[in-house]
Amino acid sequence: MFNFSKALFFISFFVSCLAFAQGGDLLIQQYSRGPGLGNSYSKWSLYGGAEINRINTDLSTTSPTITLGGLVHVEYRFSQTVGLLSGVNYTPISYTYPLSDSLGKDRLKYISIPLFLRVHPTKKVSLSMGAQYNHFQKGEKIVSWEDTKMSARYEEAIFSNSFGFIVQAGYHFWQQFYGYVNYRWVKKTSPLIQKQTNNTKGVQLGLTYTFWNSFKRQ
């Protein structure tokens, strides 16, 4: 089952960050002064990039392998310190597992739609948390033994669409680049008689480039 205590901790943390950010904005409005008033920030930002995924199932028999994904995101900032982010991710997941006399590997492909709250406590650092809808595209099973490989596509209904959660920490550099690390997890009930699982968790490393900004002066 989903770990509600973890979720409550992360939600409390981000609510605290949001309250801190709002307090800074009120200070600027009331006293017309504050740090970085001469700085510009983007109300809207559009960026794309690549992700390195190392995502595993919750089964003790599987081992994750590295995959490469991509994304296109748009961020809307309510203020210099708080924004809302969404977009589209291409997220392949791959892992191996032992069979009786061979090695099995699953390759799963998802199109994900995130919705994140992003807090910018400093000009360089960003913290994000949110939910993500994962639309399952297709899955493939590969069985390898000696020098032979055999692959077959999974039937429908074994893997399915799901919701998950992500927390992210990132760093902005060279004005248009952003590097980050994600921890993501997905919980979805599967039939008890099914060997495969829809539950996954793991780490993602990403690098994005900002293609377009709309600037506003404070």
Side-chain angles (χ1 to χ4, degrees), residues 1-3 6-7 47-74 85-116 128-170 178-209:
M1 294 181 62
F2 175 68
N3 192 326
K6 271 188 182 178
Y47 53 92
E51 282 183 334
I52 298 174
N53 309 296
R54 189 179 184 275
I55 301 172
N56 197 14
T57 73
D58 61 349
L59 303 176
S60 60
T61 54
T62 60
S63 300
T65 62
I66 301 298
T67 64
L68 182 64
L71 60 92
V72 176
H73 283 176
V74 60
L85 179 146
S86 188
V88 177
N89 291 41
Y90 166 64
T91 307
I93 296 175
S94 179
Y95 49 85
T96 61
Y97 46 90
L99 298 174
S100 58
D101 57 351
S102 56
L103 182 67
K105 178 185 240 184
D106 286 352
R107 289 179 177 171
L108 313 177
K109 296 181 179 179
Y110 293 86
I111 297 296
S112 303
I113 301 174
L115 183 62
F116 296 164
S128 306
M129 176 186 175
Q132 185 166 263
Y133 173 71
N134 306 295
H135 182 69
F136 178 69
Q137 299 294 294
K138 64 179 181 179
E140 182 183 25
K141 179 178 181 178
I142 303 170
V143 179
S144 305
W145 69 97
E146 297 181 351
D147 296 328
T148 304
K149 285 187 178 182
M150 182 177 63
S151 63
R153 187 165 178 171
Y154 274 109
E155 298 178 359
E156 295 184 4
I158 294 180
F159 297 99
S160 57
N161 304 337
S162 59
F163 284 93
F165 297 89
I166 292 182
V167 290
Q168 179 184 111
Y178 177 64
Y180 61 88
V181 57
N182 287 344
Y183 179 74
R184 56 161 275 168
W185 66 99
V186 174
K187 292 286 187 180
K188 183 176 176 63
T189 304
S190 301
L192 294 176
I193 60 173
Q194 180 175 299
K195 294 181 179 179
Q196 297 80 13
T197 178
N198 283 278
N199 296 341
T200 59
K201 58 183 178 180
V203 176
Q204 297 171 296
L205 299 177
L207 179 66
T208 65
Y209 177 83

Applying side chain to side chain contact (heavy atoms under 4.5 Å, CB included) to Thr65 and not counting sequence neighbours gives Ser94, Thr96, Lys105

For Tyr90, the side-chain hydrogen bond (donor to acceptor under 3.5 Å, both in side chains) test, sequence neighbours excluded, returns none

Has the side chain of Asn56 got a donor or acceptor atom that lies under 3.5 Å from a matching backbone atom of Lys201?
-> no

With sequence neighbours left out, the residues meeting side chain to side chain contact (heavy atoms under 4.5 Å, CB included) with Tyr97 are Thr62, Tyr95, Leu99, Asp106, Lys141, Tyr154

Heavy-atom nearest pair, Tyr178 first then Ala169, reads OH-C, 4.3 Å

Keeping Asn134 on the side-chain end and Asn161 on the backbone end, is there a donor-acceptor pair under 3.5 Å? no

For Asp58, the side-chain hydrogen bond (donor to acceptor under 3.5 Å, both in side chains) test, sequence neighbours excluded, returns Thr197, Asn199

In Tyr133, Trp185, Tyr110, the residue satisfying ring-ring contact (aromatic ring centres under 6.0 Å, His included) with Phe163 is Tyr133

So, Thr67 side chain and Pro92 main chain: donor-acceptor pair closer than 3.5 Å or not? yes

Exercise. Apply the test side chain to side chain contact (heavy atoms under 4.5 Å, CB included) to residues Ile55 and Gln204: give CA-CA distance (whole Å), side-chain angles for both, the deciding distance (0.1 Å), then the verdict.
Key: CA-CA 8 Å; Ile55 301 172; Gln204 297 171 296; 4.2 Å; yes

Shortest non-hydrogen pair, Gly139 vs Leu108, comes out as CA-CD2, 3.8 Å

Smallest heavy-atom separation, Ser151 atom then Ile142 atom, equals CB-CG1, 3.9 Å

- Got Asn53 and Leu68 here, is their nearest side-chain heavy-atom distance under 4.5 Å? no

Between the main-chain N or O of Ile158 and the side-chain N or O of Gln194, is there a donor-acceptor pair closer than 3.5 Å? yes

Taken in chain and number order and not counting sequence neighbours, the residues that satisfy side chain to side chain contact (heavy atoms under 4.5 Å, CB included) with Asn89 are Glu51, Leu71, His73, Thr91, Ser112, Pro114, Gln132

Across all chains, not counting sequence neighbours, the side chain to side chain contact (heavy atoms under 4.5 Å, CB included) partners of Lys138 are Lys109, Arg153

Could you walk me through whether Ile52 and Arg54 pass the side chain to side chain contact (heavy atoms under 4.5 Å, CB included) check? CA-CA 7 Å; Ile52 298 174; Arg54 189 179 184 275; over 6 Å; no

Taking the six-membered ring for Trp, are Tyr209 and Tyr47 closer than 6.0 Å centroid to centroid? no

